[in-house]
K.L.:
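Take this structure first; my questions come after.
The analysis underlying the following values was restricted to heavy atoms, covering all of them including side chains, and did not include hydrogens, waters or symmetry mates.
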Amino acid sequence: MPQYEFFVWNKRSRVKYPRSYHLADIEAARAVAARIAQVFGEVIPLWSDLPQDRQNNFAVEVVDETGQTVLTVPFKEAGEQS
């Protein structure tokens with residue numbers, strides 16, 4: 001199974017999620033990225049008070065074992081899946 005790393009980013013910075021995961025496929029990686037985005041949205045103080053355009057700047061980037069970005073899941077998209 002491929003190994004994926006996850007990064008939470010906005011237009012100014014990128015922070016690596018502390019764990020990487022061996023997952024069956026890109027859809028499994030999408031599900032993990034969506035969950036990471038949901039949790040971050042829940043724990044960021046005053047997240048719901050941020051203007052929509054600022055919330056839209058946040059995403060989870062998925063990187064495969066070769067270092068290539070294979071997927072980007074916007075926080076907004078993750079919220080729509082819940």
Side-chain angles (χ1 to χ4, degrees):
M1 280 196 259
Q3 182 172 348
Y4 296 98
E5 294 185 351
F6 299 84
F7 296 84
V8 175
W9 65 269
N10 63 25
K11 292 186 178 188
R12 289 189 221 154
S13 63
R14 180 180 183 230
V15 178
K16 186 178 184 302
Y17 189 72
R19 291 192 56 196
S20 60
Y21 295 94
H22 290 278
L23 300 167
D25 56 24
I26 195 70
E27 286 307 312
R30 180 185 303 279
V32 171
R35 183 66 184 138
I36 290 169
Q38 289 170 347
V39 170
F40 268 76
E42 292 169 4
V43 300
I44 293 172
L46 305 174
W47 175 258
S48 60
D49 293 338
L50 280 177
Q52 192 67 36
D53 61 329
R54 299 240 349 247
Q55 287 183 12
N56 291 340
N57 290 337
F58 287 82
V60 177
E61 181 180 58
V62 181
V63 176
D64 69 10
E65 30 194 34
T66 67
Q68 296 292 324
T69 299
V70 294
L71 181 66
T72 301
V73 178
F75 276 35
K76 179 183 177 191
E77 180 182 311
E80 292 170 356
Q81 293 175 3
S82 58

K.L.:
Distance-only check: which donor-acceptor pairs under 3.5 Å involve side-chain atoms of residues 65-73, not counting sequence neighbours?
P.N.:
from  : atom 1 : to    : atom 2 : distance (Å)
Glu65 : OE1    : Gln3  : N      : 3.1
Thr66 : OG1    : Asp64 : OD1    : 2.6
Thr66 : OG1    : Asp64 : OD2    : 3.4
Thr69 : OG1    : Glu61 : OE2    : 3.2

K.L.:
Kindly give the heavy-atom pair with the smallest separation between Ala24 and Pro2, and that separation in Å.
P.N.:
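Taking Ala24 first and Pro2 second, the nearest heavy atoms are O-CD, 4.1 Å.
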K.L.:
Minimum heavy-atom separation for Ala33 and Val62, please, with both atom names.
P.N.:
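That closest heavy-atom pairing would be CB-CG2, 3.8 Å.
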K.L.:
Could you tell me which residues satisfy side-chain hydrogen bond (donor to acceptor under 3.5 Å, both in side chains) with Gln52, sequence neighbours excluded, listed by chain and number?
P.N.:
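Applying side-chain hydrogen bond (donor to acceptor under 3.5 Å, both in side chains) to Gln52 gives Asn56.
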K.L.:
Hydrophobic cluster membership, with links at side-chain heavy-atom distances under 4.5 Å among I/L/V/M/F/W/Y: are Ile36 and Ile44 in one?
P.N.:
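As far as the 4.5 Å side-chain criterion goes, Ile44 and Ile36 are connected within one cluster.
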K.L.:
Which atom names give the shortest non-hydrogen contact between Ala59 and Pro74, and what distance separates them?
P.N.:
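Minimum heavy-atom contact is CB-CA, 3.8 Å.
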K.L.:
Could you work out, with ring pair (Phe, Tyr, Trp, His ring centres under 6.0 Å) as the rule, every residue matching Trp47, not counting sequence neighbours?
P.N.:
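Trp47 satisfies ring pair (Phe, Tyr, Trp, His ring centres under 6.0 Å) with Phe58, Phe75 once adjacent residues are dropped.
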K.L.:
Does anything in residues 12-33 form a ring pair (Phe, Tyr, Trp, His ring centres under 6.0 Å)? List the pairs, not counting sequence neighbours.
P.N.:
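Pairs touching residues 12-33 that pass the test: Phe6-Tyr21.
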K.L.:
Once ring pair (Phe, Tyr, Trp, His ring centres under 6.0 Å) is applied, do any residues pair with Phe7, and if so which ones, sequence neighbours excluded?
P.N.:
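Checked Phe7 against ring pair (Phe, Tyr, Trp, His ring centres under 6.0 Å); zero matches.
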K.L.:
So, taking the atom named CG in Asn10 and the one named CD in Gln55, what distance separates them when rounded to the nearest 0.5 Å?
P.N.:
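Taking CG in Asn10 and CD in Gln55, the distance rounds to 12.5 Å.
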K.L.:
Sort and list the pairs that fulfil salt bridge (Lys or Arg N to Asp or Glu O under 4.0 Å) and have at least one residue in residues 34-59, not counting sequence neighbours.
P.N.:
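Listed once each, the pairs would be none.
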K.L.:
With the 4.5 Å side-chain cut-off for hydrophobic clustering, are Tyr4 and Phe40 part of the same group?
P.N.:
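As far as the 4.5 Å side-chain criterion goes, Phe40 and Tyr4 are connected within one cluster.
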K.L.:
Let me check something: do Val32 and Val60 share a hydrophobic cluster, defined by ILVMFWY side-chain heavy atoms less than 4.5 Å apart, either directly or through other members?
P.N.:
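Linked, Val32 and Val60 end up in one cluster.
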